[in-house]
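One structure is given below, encoded as structure tokens.
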Amino acid sequence: MIMTDAELELMLERAAKKGAAEALHDIGLQDENAIHDIHELRTLLDSWRSTKRTVGSTITKFITVGILGVLAGAAWFKIGE
């Protein structure tokens with residue numbers, strides 16, 4: 001029995017949909033709440049990335065201000081001598 005291109009394409013499409021449905025079921029995203037779960041995960045990930053940037057920036061500013069403070073203090077004491 002030889003399959004036509006249309007029959008083969010239909011069979012492949014059905015297999016892909018079934019495989020995708022099984023994969024989503026395996027990870028617990030098979031219900032109607034899955035879209036909300038994915039949205040919440042993306043929001044959480046975006047927040048995490050923003051927090052990492054903010055923490056990195058804050059640490060850099062803290063170190064810079066500390067170094068400048070030490071230099072200013074050293075210059076102040078040098079002038080006071």
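Source: prediction; values computed, not measured.
Rounded to the nearest 0.5 angstrom, Asp31 CG and Leu24 CG are separated by 10.5 Å. Here the CG atom belonging to Asp46 is positioned 10.5 Å from the OG1 atom belonging to Thr51, to the nearest 0.5 angstrom. Annotation: the span from Leu41 atom CG to Leu29 atom CG amounts to 8.0 Å, rounded to 0.5 Å. Ile38 contributes atom CD1, which lies 12.0 Å from atom CG of Asn33 (distance to the nearest 0.5 angstrom). Here the NZ-CG distance, from Lys78 to Leu71, works out to 13.5 Å after rounding to the nearest 0.5 Å.
With a 6.0 Å radius and a threshold of 12 heavy atoms from other residues, nucleotides or ligands, Gln30 has its CD atom above the threshold. Around the CG atom of Asp5, the shell of radius 6.0 Å holds no more than 12 heavy atoms that belong to other residues, nucleotides or ligands. The environment of Leu12 atom CG is dense: over 12 non-hydrogen atoms of other residues, nucleotides or ligands sit within 6.0 angstrom.
Note: the hydrophobic cluster containing Leu68 does not contain Trp76 (ILVMFWY, side chain heavy atoms under 4.5 Å, direct or indirect links). Residue Ile35 is not grouped with residue Leu44 when hydrophobic side chains (ILVMFWY) are merged at heavy-atom distances under 4.5 angstrom, including chains of intermediate members.
Side-chain atoms of Thr54 come within 3.5 Å of backbone atoms of Ser50 as a donor-acceptor pair (strictly under, hydrogens ignored).
Glu7 is not listed as a side-chain neighbour of Leu10, based on a closest heavy-atom distance of 4.5 Å or more. Proximity of Lys18 to Arg14: side-chain heavy atoms (C-beta onward) are nowhere separated by under 4.5 Å.
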